[in-house]
Number of protein chains: 2
Amino acid sequence: MIRLEEARLATLKDVAALAGVSVKTVSNVVNGYAFVKPENRRRVEEALTATGYRPNIGARNLRRGRTGFVALVLPELVVPYFAELAGLVLGAAQEQEWNVLIEQTLGTREGERDTLASLGPHMIDGAIVSPEALEARDFGELAPGIPVVMLGEHSVDLPLDHVGIDNVEAARVAVAHLIGLGRTRIAAIGAHPHRGTAAQRLEGYRKALTEAGLPVRDDLVATALNYHRRDGADAMARLLAGDEPPDAVFCFNDLLAVGAVRAAAERGVRVPADVAVVGFDNTEEGTYSLPSLTTVAPDKAAIARAAVDLLRRRVDDPERPPEHVRTPFSLEIRESTRGGA
Amino acid sequence: MIRLEEARLATLKDVAALAGVSVKTVSNVVNGYAFVKPENRRRVEEALTATGYRPNIGARNLRRGRTGFVALVLPELVVPYFAELAGLVLGAAQEQEWNVLIEQTLGTREGERDTLASLGPHMIDGAIVSPEALEARDFGELAPGIPVVMLGEHSVDLPLDHVGIDNVEAARVAVAHLIGLGRTRIAAIGAHPHRGTAAQRLEGYRKALTEAGLPVRDDLVATALNYHRRDGADAMARLLAGDEPPDAVFCFNDLLAVGAVRAAAERGVRVPADVAVVGFDNTEEGTYSLPSLTTVAPDKAAIARAAVDLLRRRVDDPERPPEHVRTPFSLEIRESTRGGA
DNA sequence: CGACTGCTTTACAACGTTGTACCAACGATG
DNA sequence: CATCGTTGGTACAACGTTGTAAAGCAGTCG
C-alpha cells in the first residue's frame, strides 16, 4: 500500500512533454482557449489527468499581476459578531474564487496600522476592512491604490466603498422599543471616544430619548473601551451602583449585553423585570442566553455579500466612484425585554 | 494634498537603478547578506526608502519554492472554540512570518474533501487541520507531501503530526467531578458515529461511571449530529422527557451545554439543583452564562503554539518521524455544578 | 613576484505561467 | 494561381525574485 508520490508536482512542461505538444498549447487547453484541434485537446486532457496537474497559482499570478487573495481585516475573531461575519465573507469570497486572508488588529490603532503595513501590496487584490480605531492618515500605509471596502461606520471620510447598516436609526429603534415598554431611565453602554459606530449609536440613543421627551442624562451613558463581556459587566455594575439605577439598558453589542445581564443577576437585579436589556448584532449566543436577548439584527449575510461584490467591482474598475451600500436590519424582540422569564 | 501615486510598485530593478548597483546587490541588502560594502549598503538603503520598495512575495516564493501561507482548516468559525483557536493560531503563525488562510469545511466530509482539494498544492507550505468527519483516503486529495498537523483526536491512524489533549482522561475527570457531587443518573450529550473526539469522550464518560461502580445506561447517552446550541437543547429535551431523567449531564462541548441549560430552564428544571451540567472547551461564553459553566479547559494557547511549532519543524524537515503532542487541560468548576444559583 | 585567500559585486539562469509575435497549413475568394 | 482570412500551433520574452558561478579586487603569504 505504500505509494511513492512523485517528489515534484507536474508543471505545464511535464504535461506538454507527455502530450507531445508545446507548453503554450497545454496552457491554452487549461485556460479554455477555443482553437485547439480536438485530437490535441484530447491528448492534453489525458496528460493533464495522468499527471494530476494543478496550476501553480503563484506563477500564474506573477504573470497576470493578480494574487487571488483578499484580506479581511477585523478586530478579533473571539468576538462572535466578527466570527460570524468572517464565516460569511469566506463563503461569499469563495464564489469569486478568492482566498481570504484574515488579519486580526486587536482593535488598536497600532494593530490596525501594522496589519495594513504588513499586507504586502503584492499579496492581495484588495481588502475588506472593519476599522475600530483607524484614522485617515493610517490609510497611507496601505499600498497605493489597493482596493478597499470598509465595513461599519467610519468617522474618517474617505472616498472608499462602504457597507453598513444605518446605525443611528437602528439605535433609535432599539431605544424606542424600550421607551414603548414604559421605561424611562434608559442607560446606554458602549460609548467610546474614537469609534465611529459608537458615536452613531449614541446619537440614535439620544434621538429616541429626545423624540419621546425624555431627558438625556450623562450619568446614564457608560463608556466601554472594549466591547467584551467583561466591559459590559463592569459598566452595568457602575450603573447599578448609581443613585438612580436605570430600568433599561441599551448595549452597543451583544457581548456587552451578556455581561450586563450577568452583572445584574449577580446583584439580584432581575432582567427584564427590574432592568430591560437590548443588545446589538444578533449573535447566536443571545438567542440561547437566559434570558434571551432582544437585539438589533443586522443582515450579516447581506453585509458579507455586499462587501465582496463591491470589492469585486472595485478591483475590476478602480476608477468607479465610491459606493455606499446600506444593508437592512431588524429588531429581534426576545425575553430580555419581554414579560417571560 | 492630492498626491499622485506611482502607478507601478517599485521593483528591485528600480531600486538598483537609483542606487547605481546591480539588482542582486539590492537583493542582498534586502535579505541581510553580510558582505556588502558599507557605502553601497547605505546607498541601497536610501534608494529602498526613497522608492518605498516592498518585495513581491509571489515572485519571491516562486523562486524559493515556498509560499509563506499555511492553511487552517476547521469546521466553522461560528463555533466559539474554533474562533478562539483560530485567533491564537493567527498570532502564533505571525511569529513564524506565516500568513494564515482559514478554510471552513462546515464539518461535512464533502466540505473537508473540497477544501483539501481546492488548496492548490502550490498555495500553502502546510496545513493545520481540525478534522471532524475526515477519513484516511481523503488525505489523498491533499497534494502529495504537503506537511499537515492534525488537531484533536482523529480516528484515522495516519503518520501525521498531531496535537491534542487526552480526551479520554479529560472526560473521565469531568464525569468523576459529577459523581463526586453525589449524582448518579449522569447523562452524556454529544455521541457521534464518526467523530474521533466523540468516541474518546464517550470512553472517558464510561470509564468514570465504571470506576465508580455506576451502571452505563444507553438511554442516558444522547447523540448530537452537530455540536451547536440547538443540538444540545434538543438532546436535553429528549433526556428530560425520559422516564428517569438525569441528575447530571456531561456535554461534549460548551455549545451543547449552553443549549442543554436553556432547555432545562424552559422546562423549569433548575441547574445545578436538579441537573448539574458540565461542558467542554472553556469558551468565554460559558463564564458569563447563567449559570456559568463548569467545563473542561484545554490550554488553547498551548495547542495553537504547538501546532504552529510542529508545522514549522515538519516544513523544515519533512523526513522527521511524526510527533504527538499532548497539551494540558484543567477542569474549571463554576456555578453549573456548584451550590450557587 | 606569483599564487592564494577573502571580500564584493555582477551576469545569468531559473522558478511556472501567459501574452505577443510569428509561422504554417487550410479552404475560400478574386 | 495569387491572395486572403481563419484555424491551429510554436518560440520567445517577461512577470520579480534569488541561487550559482564566476569575475574583479584587494591584501597576504611563500
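A, B, ... follow the sequence lines: proteins, then strands. Residue 1 opens every chain. As the structure is a prediction and not an experimental result, all values here were calculated from the model.
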Atom pairs, N/O to N/O, protein against nucleotides 27-29 of chain C, distance under 3.5 Å?
none

What is the distance from [atom1] of [X] to [atom2] of [N], rounded to the nearest Å?
| X | N | atom1 | atom2 | result |
| --- | --- | --- | --- | --- |
| A:Asn56 | C:dA14 | CG | C1' | 13 Å |
| A:Asp14 | C:dT17 | CG | C1' | 13 Å |
| A:Arg64 | C:dT20 | CZ | P | 13 Å |
| A:Ile57 | C:dT17 | CD1 | C1' | 11 Å |
| B:Leu12 | C:dC15 | CG | P | 19 Å |

Heavy-atom donor-acceptor pair, [X] side chain to [Y] backbone, under 3.5 Å:
| X | Y | result |
| --- | --- | --- |
| B:Gln104 | A:Gly87 | yes |
| A:His162 | A:Val149 | no |
| B:Arg326 | B:Ile165 | yes |
| B:Asp125 | B:Thr67 | yes |
| B:Arg195 | B:Pro131 | no |
| A:Ser27 | A:Val23 | no |
| A:Arg314 | A:Ile146 | no |

Next on the checklist: Measuring from the side chain of B:Thr11 (C-beta onward, heavy atoms only), which nucleotide among C:dT17, C:dT8, D:dG16 has the closest atom?
Outcome noted: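 Selected nucleotide: D:dG16.
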
Next on the checklist: Near DNA chain D, counting only heavy atoms under 4.0 Å, which residues of residues 20-32 of chain A show up?
Outcome noted: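 Here the set is A:Val21, A:Ser22, A:Lys24, A:Thr25.
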
Next on the checklist: According to side-chain hydrogen bond (donor to acceptor under 3.5 Å, both in side chains), who are the partners of B:Arg313, at least two apart in sequence or on a separate chain?
Outcome noted: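 Result, side-chain hydrogen bond (donor to acceptor under 3.5 Å, both in side chains) vs B:Arg313: none returned.
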
Checklist entry - Below 4.0 angstrom, N of the basic side chain to O of the carboxylate: do A:Asp316 and A:Arg66 qualify? => result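 Salt bridge: yes.
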
Checklist entry - Below 4.0 angstrom from OP1 or OP2 of C:dT18, is there any side-chain N or O of A:Arg60? => result yes

Next on the checklist: Can you tell me if A:Tyr53 touches the phosphate of C:dT17, counting only side-chain N or O atoms and a distance under 4.0 Å to OP1 or OP2?
Outcome noted: yes

Checklist entry - What about A:Arg63: does its side chain form a donor-acceptor pair under 3.5 Å with the base of C:dT18? => result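 Pair found.
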
Item to check | Set of residues satisfying salt bridge (Lys or Arg N to Asp or Glu O under 4.0 Å) with respect to A:Arg41, sequence neighbours excluded | outcome: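 Here no residue qualifies.
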
Next on the checklist: In the structure I gave you, are the side-chain heavy atoms of A:Ile102 and A:Leu74 within less than 4.5 Å of one another anywhere?
Outcome noted: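 A:Ile102 reaches A:Leu74 side chain to side chain.
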
Checklist entry - Among residues 34-43 of chain B, which residues get a heavy atom nearer than 4.0 Å to DNA chain C? => result B:Phe35, B:Val36, B:Lys37, B:Asn40

Item to check | Overall bend - the helix from C:dC1-D:dG30 to C:dG30-D:dC1, comparing terminal axes fitted on five pairs, nearest 10 degrees | outcome: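 About 70° separates the two local helix axes.
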
Next on the checklist: Can you tell me how far apart NE2 (A:His324) and CE (A:Met150) are? Round to the nearest 0.5 Å.
Outcome noted: 10.0 Å

Checklist entry - When you look at A:Asp161 and A:Leu311, which way does the side-chain contact (heavy atoms from CB on, under 4.5 Å) test go after all the steps? => result CA-CA 8 Å; A:Asp161 293 308; A:Leu311 190 56; over 6 Å; no

Item to check | Option among B:Val325, B:Val315, B:Val148 that satisfies the side chain to side chain contact (heavy atoms under 4.5 Å, CB included) test with B:Leu310 | outcome: B:Val325

